[in-house]
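Order of listing sets the numbers, starting from 1, for every ligand and every atom in it.
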Amino acid sequence: MARRRAAAWAALGPLLWGCALALQGGMLYPRESPSRERKSLDGLWSFRADFSDTRRRGFEEQWYRRPLRESGPTLDMPVPSSFNDISQDWRLRHFVGWVWYEREVTLPERWTQDLRTRVVLRIGSAHSYAIVWVNGVNTLEHEGGYLPFEVDISSLVQVRLTAQTSVGPVSDFYTLPVGIRTVAVTESQFLINGKPFYFHGVNKHEDSDIRGKGFDWPLLVKDFNLLLWLGANAFRTSHYPYAEEVLQMCDRYGIVVIDECPAVGLVLPQHFSNTSMNHHMRVMEELVRRDKNHPAVVMWSVANEPASSLESAGYYFKMVITHTKALDPSRPVTFVTNSNYAADKGAPYVDVICVNSYYSWYHDYGHLELIQLQLGTQFENWYKTYHKPIIQSEYGAETIVGFHQDPPLMFSEEYQKALLEQYHLGLDEKRGKYVVGELIWNFADFMTNQTPQRVLGNKKGIFTRQRQPKAAAFLLRERYWKIANETRYPHSAAKSQCLENSPFT
Ligand code: BDP
């Protein structure tokens with residue numbers, strides 16, 4: 001197959017391609033019209049700060065001549081955003097010097113083949129001195145932030161292209177990044193590529209200050225930087241499917257996902273009716289259809305905390321889980337339970353037992369000394385009944401950042417830490433036996449309805465809603481990196497070995 005694509009790579013952003021008539025004496029905001037099209041280049045760019053002493057290595061080594069990844073490591077950087085605020089790397093916080101942004105762009109064929117089309121590259125603003133290369137050619141320099149600048153790049157991108165296959169001309173192109181791996185479950189293990197995998201991660205929500213649930217690249221990159229900082233290797237999309245961009249990031253970063261459908265709050269008998277079940281199955285069809293090509297997704301969760309001890313829940317989950325397995329025989333299926341092991345009617349049908357418990361939070365307030373006993377009993381009961389691997393899919397404590405109390409009292413940072421420590425002792429007892437994961441509730445504080453249990457939302461985050469760490473985040477970081485290093489380097493527990501690398505094994 002002879003195939004060439006109209007591709008261009010360019011440095012610095014945010015950028016905007018447009019085909020427009022020459023504008024004499026002004027610079028109009030790029031609006032679409034019957035004669036003008038625009039292509040936004042907002043989104044993820046490759047990025048590198050030049051940390052060399054002179055800050056001029058990029059020029060000396062001519063980083064603009066080749067794709068940036070070929071001259072050294074790159075970071076993902078959302079555009080538009082401030083690189084200082086996104087990263088967990090302290091060196092970037094106050095960095096002064098040249099930073100390099102790069103993006104590869106595929107242009108519509110008519111822009112590149114119709115020589116009457118004018119292609120203009122516009123930069124909304126870039127602080128504070130910008131040099132722009134297109135396909136390695138220096139096309140524009142601009143000094144000063146805040147204001148837009150643009151350049152006609154038609155001659156750099158317009159070439160006659162032909163696409164041909166053995167069966168004739170190609171009129172449509174689509175690229176699908178793929179990853180190949182296997183997932184399997186034994187009586188006591190979760191296997192990825194045949195190796196035991198331990199989930200050390202978080203539950204998330206699509207939520208942040210001001211924006212609420214709306215998708216946002218800078219927020220997403222910040223969250224992934226925090227997951228890396230934490231040493232997390234997994235999360236559950238509690239309690240609904242997340243934006244597809246989130247899963248794309250997981251594929252690229254090697255974060256493992258338990259993909260959950262929005263069946264939360266199935267608590268009344270009528271929720272287990274045939275109508276509800278048919279709808280539930282349709283939702284699973286849509287979810288599997290959308291997400292089945294993401295290697296990061298290793299398990300489907302069909303519900304969170306349903307009233308699974310109701311008699312009707314047995315048939316209901318049998319049907320929904322069997323249907324999901326038929327849709328995707330390659331992945332295990334679960335639902336997340338907070339029912340008692342002896343009463344749960346859905347558990348016989350899941351591949352992995354995912355259990356939530358809030359010892360010393362919603363009961364036995366302050367009695368942290370009970371946690372190990374209660375947790376141990378919980379695990380043993382589930383395991384002896386089902387002989388299936390178990391994930392502690394939620395645990396945690398409400399904590400208001402800045403509240404301190406020693407000895408620990410509920411809502412203080414000390415209480416959250418102490419509660420987590422007790423859980424970790426209990427988890428370590430069974431880790432390596434049949435407990436295959438732990439997911440903290442929650443990655444970050446999030447907004448909820450007001451109730452007497454919530455202080456301006458749910459405060460069980462280890463990060464605040466503004467993504468700053470509470471004391472518990474440091475505790476969890478220690479633990480997750482230790483587990484990551486044990487998994488990666490069986491004979492060493494040295495945290496430093498991994499801190500600059502990926503914990504995703
Ligand atoms: C669990 C739910 C989760 C809640 C959490 C809590 O699965 O959605 O936010 O409790 O109460 O039962 O913090």
Query - Side-chain heavy-atom pair N356, N304 within 4.5 angstrom cut-off - result: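 N356 reaches N304 side chain to side chain.
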Query raised in the report: Does S87 offer a backbone N or O that forms a donor-acceptor pair with the side chain of W229 under 3.5 Å?
Result: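 No, W229 side chain to S87 backbone: no donor-acceptor pair under 3.5 Å.
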Could you label the plane-to-plane angle of the [X] and [Y] rings as parallel, tilted or perpendicular, counting under 30° as parallel and over 60° as perpendicular?
{"X": "F95", "Y": "F83", "answer": "perpendicular"}
{"X": "F47", "Y": "Y101", "answer": "perpendicular"}
{"X": "Y359", "Y": "H363", "answer": "perpendicular"}

Query raised in the report: Under a 4.0 Å heavy-atom cut-off, which residues neighbour ligand 1?
Result: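 Residues near ligand 1: H239, N304, E305, N356, Y358, Y362, E394, W441, F446, R454, N458, K460.
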Report task. Give a yes or no on whether a salt bridge exists between D328 and K292, defined as a side-chain N under 4.0 angstrom from a carboxylate O. Result ->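 Salt bridge absent between D328 and K292.
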